[in-house]
Amino acid sequence: MAGPERVAVITGASSGIGEATARGLAREGFKLVLGARREDRLAEVARELDGFALPLDVRDLTSIETFVRAVEAKYPAVEILINNAGLAAGLQPLAEGNDDDWVQMMETNVLGLLRVTRAILPLLRRAPRAHIVNLGSVAGFEVYPGGVGYTASKHAVRAVTRTLRLELLGESIRVTEIEPGMVETEFSLVRFKGDQQRAAAVYEGMQPLTGADVADCIVWSVTRPPHVNIDEMVVRPIAQATTRDVARKT
C-alpha cells in the first residue's frame, strides 16, 4: 500500500527562493501548498507544479487562519513547513529609520513566522515525521550599517528557530534554519522600493547566489534520513566572506 501523501507548505512561494523551493520539492514528489500575496503569479507556479495555491499575507492574522483552515480541509497532515516569506525595507541608519519599514519587517519576518508556525504546528504533529525550515540570513548573526531593522528581525528568526528546536525535542519534528548571504532575487528591489538601478548595484562585479542555489540547500536538508537534523546552514557566494567583505571585479 502507498504511504500517506507527503505535503509541503511554502510561504512566499510566488517568486525567488520560495518558487525555486517549490520546484525542487515537486521533483522530490511532494504535494505542494503554496501561499503568497501575489495571487496571479502564485496561481501560475501552482498550475505548473500541480500545486494548491492559496492567498496568504503573513502580516494579517485573519489571512493566516483562513490559509491554515484551507490547508487542513485539503490535507489533514503536513510534513514540511517552509517559512520563506520575508523582506528587507530601507537601508537607513537607526537615527534616520522609518517606522513603517521597521513595522513591516517585524510583522513579516518575525510575527508572521511565529503565527504561521503556531497555526500549522497541529498539522505537522499529525504527520509520521515533519520538518520546519525557517529562512534566516547571515544578517541573523552579523550586522551592517543601515541594516538595523532587518538584522534585528533576522536575529529574532535565529532565536525562534533555536527555541523551537528545544521545545520540539523528543518529537518527530525537525527544525532547520537556512542562512543565505547575497542572493539575487527581488530582495534588493523590494528593499529599495522598486529602484532598479540601486538594486542592481548591490550585485555589481560579483556573482551572487540564485534562488535555486538556496532551494538546493533546503531540499537537501529536508530529504536527509529522519534521524538527521540539520540545525543550521550558512550559504554564501564565494565572493562574499561577510556581509561587508565582498570581492568585486572592476
Side-chain angles (χ1 to χ4, degrees), residues 5-89 104-127 130-136 153 157 160-161 164 173 175-178 180 183 185-187 190 211-212 214-215 218-219 221-222:
E5 290 182 304
R6 305 186 70 187
V7 178
V9 173
I10 307 172
T11 69
S14 61
S15 65
I17 294 170
E19 178 186 349
T21 301
R23 296 184 184 282
L25 290 176
R27 288 192 293 270
E28 293 291 329
F30 283 89
K31 299 290 186 181
L32 301 176
V33 179
L34 309 179
R37 290 179 302 154
R38 293 185 295 180
E39 294 181 50
D40 290 349
R41 175 60 187 152
L42 187 70
E44 290 178 17
V45 176
R47 275 196 300 270
E48 187 177 342
L49 302 178
D50 194 25
F52 184 37
L54 291 169
L56 174 64
D57 182 351
V58 301
R59 295 182 67 187
D60 184 332
L61 183 56
T62 300
S63 176
I64 292 170
E65 292 171 344
T66 301
F67 174 84
V68 174
R69 282 197 298 269
V71 174
E72 186 174 20
K74 187 170 181 66
Y75 298 115
V78 169
E79 181 175 335
I80 307 291
L81 169 62
I82 310 292
N83 280 311
N84 169 72
L87 55 83
Q104 184 182 20
M105 287 185 282
M106 293 301 172
E107 287 185 345
T108 304
N109 300 353
V110 185
L111 278 176
L113 183 150
L114 286 168
R115 288 168 168 168
V116 169
T117 304
R118 179 181 63 190
I120 290 282
L121 194 53
L123 279 64
L124 293 165
R125 283 179 160 143
R126 293 176 192 164
H131 200 148
I132 299 167
V133 178
N134 294 333
L135 259 293
S153 73
V157 170
V160 170
T161 306
L164 265 177
I173 303 177
V175 182
T176 296
E177 183 177 6
I178 304 294
V183 187
T185 59
E186 296 178 354
F187 177 86
V190 171
V214 181
I218 295 169
V219 173
S221 296
V222 303

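This is a predicted model, so every value here is computed, not measured.
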Q: Please check: side-chain N/O of Arg126 versus main-chain N/O of Pro76, any donor-acceptor pairing under 3.5 Å?
A: yes
Q: For side chain to side chain contact (heavy atoms under 4.5 Å, CB included), just list the numbers for Ile218 and Ile17, CA-CA rounded to whole Å, side-chain angles, deciding distance to a tenth of an Å, and then say yes or no.
A: CA-CA 10 Å; Ile218 295 169; Ile17 294 170; 4.0 Å; yes
Q: If we only count heavy atoms from C-beta on, is the Val219 to Glu28 side-chain gap below 4.5 Å?
A: yes
Q: Working to the nearest 0.5 angstrom, can you tell me the gap between Leu164 CG and Glu177 CD?
A: 11.0 Å
Q: Is a donor on one side and an acceptor on the other found under 3.5 Å between the side chain of Thr11 and the backbone of Asn84?
A: yes
Q: For Arg23, is the CZ atom crowded, meaning more than 12 foreign heavy atoms sit under 6.0 Å from it?
A: yes
Q: Measuring only between side-chain heavy atoms, which start at C-beta, is Phe67 closer than 4.5 Å to Val33?
A: yes
Q: Do Asn83 side-chain atoms and Leu135 backbone N/O form a donor-acceptor pair below 3.5 Å?
A: no
Q: Salt bridge between Arg41 and Glu44, side-chain N to carboxylate O under 4.0 Å?
A: yes
Q: Set out, in order, the CA-CA distance, both residues' side-chain angles and the distance that settles side chain to side chain contact (heavy atoms under 4.5 Å, CB included) for Ile10 and Leu25, then state yes or no.
A: CA-CA 10 Å; Ile10 307 172; Leu25 290 176; 4.1 Å; yes
Q: Could you check if a side-chain atom of Ile173 sits within less than 4.5 angstrom of a side-chain atom of Arg125, using non-hydrogen atoms only?
A: yes
Q: With the side chain counted from C-beta on, respond yes when Met106 and Leu111 share a heavy-atom pair under 4.5 Å apart, and no when they do not.
A: no
Q: Think Lys31 forms a cation-pi with Tyr75, using NZ or CZ under 6.0 Å from the six-ring centre and within 45 degrees of its axis?
A: no
Q: With side chain to side chain contact (heavy atoms under 4.5 Å, CB included) as the criterion, how do Thr62 and Thr66 come out once you've worked through the C-alpha distance, each side chain's angles and the decisive distance to 0.1 Å?
A: CA-CA 6 Å; Thr62 300; Thr66 301; 4.2 Å; yes
